[in-house]
Amino acid sequence: MAILKERSILPGFRWSFAATVVWLGLLVLLPLSTLVVNSLTIGFEETPYHVVSDGKLTGEIVYLHDRDLDDKAVAPAGSDLSGESVNAIIYGEVEEIPVEELELVAPTRGERFWAGVWRGVPQFIEKAFNERVLASLRVTFSTAFFAAILNLFLGGIIAYALVRIKIPGKKVLDSLIDLPFAMPTAICGIAMVTMYAPNGPVGALAAKAGIKIAFTPLGITLALLFIGLPFVVRALQPALLDLGTELEDAAMSLGASRFTAWRRVIVPTIAPALLTGFTLAFARGLGEYGTVIFIAGNTPMKTEISSLLIVTQLEQFDYAGATAIALTMLTASLALIFGINKFFTNRHKSLK
Amino acid sequence: MSIEIKHINKHFGDFHALHDVSLTIPTGKLVAILGPSGCGKTTLLRIVAGLESADADGGDVLFDGESTIATPVNRRRVGFVFQHYALFRQMTVAENVAFGLTVKPKADRPSKAEIKAKVEELLDLVQLSHLGARYLDELSGGQRQRVALARALAIAPKVLLLDEPFGALDAQVRASLRRWLRHLHDTINVTSIFVTHDQEEALEVADQVVVMNKGRLEQSGSPNELFTQPKSEFVMNFLGEVNIFHGRFENGQAVFGAKAAADSAHAKMLVRPHDFKIARTPEAGGISAQVVRVLTAGSIVKIELSDDTKQTLYVHQSHAEFDKNPVKADEQVWLIPTSQRIFRNGEDWNGDYII
């Protein structure tokens, strides 16, 4: 007897899921994994060669880049040096040369590997955790965090106003919220510098009051505030719409003041949306590049953000260094965002 | 605690939601406000609770003779039960019930042990003492509404206000919950108002029923009074089933049936389905009709008929009465109203009529 097959959760789910996973793998995981692979090559950029002098191994090892080998006579690993002559590579050609003229012997695969690991670890640590990198991480994370926290309040109030208050032109205001999404970030950056630089209209006023905005962490925070706002507003709007006024009414009919009703009932109810908004704004702030570089001033150790430092490394062709910083940042962001989510869902078990 | 509602008006923009509503509710009574959706009944309840403000034109709400119109909702001490429960999702059942006690100012707040004891007592009262530690998504609709009721009772309210409390529940649960509510009210004896659009619910539970229509109070009285002596066409039509016959007035007489123009709506005769006699031969004052269906399943026999204007009519008979003279589908019969009300422009009209 034929039995009705259990229904798939979506029509054509299996194949589309398979295709999705493949694409995700190619578009996201593969590039991300190259980040790891690339930073693992740090120790392998130079190869350890045995130095030969007068036809004999000196026991000395030199680390050379491939491009430095051109005019050197290198014998393959494990070559017999006891004879009169030996096969060696010079200028990419194999030639038989007298053993006295031999300069280097290539390492075996094992020697190469272990030397790479041995030298790679300290090099990675040096590139990923040097003072400049740590300072940039400090600037990036702290400005993104403060901007996200501030955005939570500002965005919360704007979202609430957009949901509850009836004002003419609300639709226009609502569309304006999305502007930071749509605008090229460089334009935002230039606009902000014009405003906040010491000779700009707002910057001049602030300068009179003794506050420097542009080219300080305060400027970076302001830029991230602008960039992160739509994330918070858009995350909160549906939650607030869904909320209605009933819960507040209920809490107040039970004797709570409006403030207590908000603290004990409304905020916990919209906590998941608050958390989402915060995390999105924070994550965006960590990765933001275009807006920040204009207003930050990019002074190493003070107002240099990690993304910029990565670009700087790339411009110096230090790919391994760039990926090392990127990997550190990726790990830190992932750990932090996961930690925040975990912390809050644990506190609000019922909201899982 | 008695409630006195005096000349309350309410406008929402241009919309006049409540027209000069006045109503007195004696201490300890359970009163139902009944009306179709949009009649202003919920607005009135929210004004009594203080969740909505009335127009500032001298109207007032008095609890035991004391004006409360200027008291904000959180100091009015009313227990309010919402149609969709409005329970706090992130709290357990017990935390929900305890809420009103935990938000009291420090000076009046009971100790933790006292709160715990009170919560247990209330959960016991609503028969949910075993569910205190649960979250709300594990509860059924009926259980949730009982939690909401316990939460409202925790603050020892002066009055209990229920806004369509069973509106979101299915028919069987509603029926058992409303009996339970009546029982509960008899135990705790708090002056209560509940709003409903379900006439059966209002008639079954309340001591006093208030019928509202289009922001006005139509009639107020005991369920029996409203059912047997409706003051207006609206009340009679809204409470219980009726058959409506359209006619017109001629020489001081109301004329119905085949002699009346089909589109004439000037005179209306309302007859309850159980106020008919069925005859097999033409009789003076009888309405000629064709039997369409006979439903004998149930505590009464329901007969569906179609009159000469193809209007559907309903007649209810007891099984004993039906068995004496059973009618069958497609039979031609004459219906003689044994009790009827005639209305002229919605108002009661007493005079001769012919069918």
Side-chain angles (χ1 to χ4, degrees), chain A residues 152 156 159-160 163-170 235-279 340-352, chain B residues 13 42 45-46 48-52 71-93 95-106 108-109 133-139 147-163:
Chain A
L152 207 53
Y160 195 72
V163 167
R164 286 288 158 78
I165 298 174
K166 287 194 182 92
I167 37 169
K170 195 163 105 170
L236 278 178
Q237 260 177 329
L240 287 174
L241 263 180
D242 197 39
L243 186 70
T245 52
E246 243 188 15
L247 286 177
E248 201 179 331
D249 283 350
M252 288 185 66
S253 78
L254 291 166
S257 64
R258 281 204 85 179
F259 179 74
T260 311
W262 265 85
R263 187 175 58 84
R264 298 254 334 250
V265 176
I266 307 298
V267 172
T269 307
I270 59 171
L274 285 171
L275 185 63
T276 307
F278 172 79
T279 317
I340 291 169
N341 275 320
K342 184 91 185 144
F343 176 71
F344 279 100
T345 37
N346 274 356
R347 284 193 50 183
H348 296 287
K349 279 221 163 64
S350 62
L351 301 178
K352 259 186 267 177
Chain B
T42 293
L45 195 75
R46 288 175 64 87
V48 173
L51 290 170
E52 203 89 62
T71 314
V73 53
N74 49 2
R75 270 185 260 137
R76 226 177 255 204
R77 246 179 77 204
V78 291
F80 202 99
V81 176
F82 295 82
Q83 180 177 4
H84 298 290
Y85 327 124
L87 290 167
F88 308 138
R89 269 189 305 163
Q90 72 282 7
M91 301 182 196
T92 62
V93 168
E95 283 165 355
N96 263 285
V97 177
F99 185 85
L101 299 172
T102 57
V103 297
K104 282 192 173 187
K106 271 235 166 70
D108 322 331
R109 198 184 303 162
R134 297 277 187 93
Y135 283 99
L136 298 162
D137 39 12
E138 302 167 55
L139 267 58
V147 174
L149 198 60
R151 183 180 70 174
L153 290 174
I155 57 168
K158 296 177 186 170
V159 296
L160 187 61
L161 307 174
L162 305 103
D163 182 14

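Computation of the quantities below employed the complete heavy-atom set of this structure, encompassing side-chain atoms and omitting hydrogens, waters and symmetry-equivalent molecules. Numbered from 1 within each chain, the chains take letters A, B, ... in sequence-line order.
Only the backbone of B/L87 comes within less than 4.5 Å of a heavy atom of chain A; no side-chain atom from C-beta onward does. Proximity to chain B is absent for every atom of A/A261, based on heavy atoms less than 4.5 angstrom apart. With a 4.5 Å cut-off on non-hydrogen atoms, B/T102 touches chain A through its backbone and its side chain both. Using a 4.5 Å cut-off between heavy atoms, B/R77 does not touch chain A at all. Contacts of A/T260 with chain B are made by side-chain atoms alone, with heavy-atom separations under 4.5 Å and no backbone atom involved.
In this structure the side chain of B/L101 never reaches within 4.5 angstrom of the side chain of B/R109, judged on heavy atoms. Side-chain contact check for B/V81 versus B/D163: every heavy-atom pair is 4.5 Å or farther apart.
Using modelled atom types, one side-chain atom of A/R164 and one backbone atom of A/G244 make a donor-acceptor pair closer than 3.5 Å.
Contact detail for B/R76 and B/A49: the closest heavy-atom pair is CD-O, 3.5 Å. The minimum heavy-atom distance linking B/N96 with B/M91 is given by the pair ND2-O, 3.4 Å.
Among B/K104, B/H84, B/Q83, the residue making the largest number of heavy-atom pairs under 4.5 Å with chain A is B/H84.
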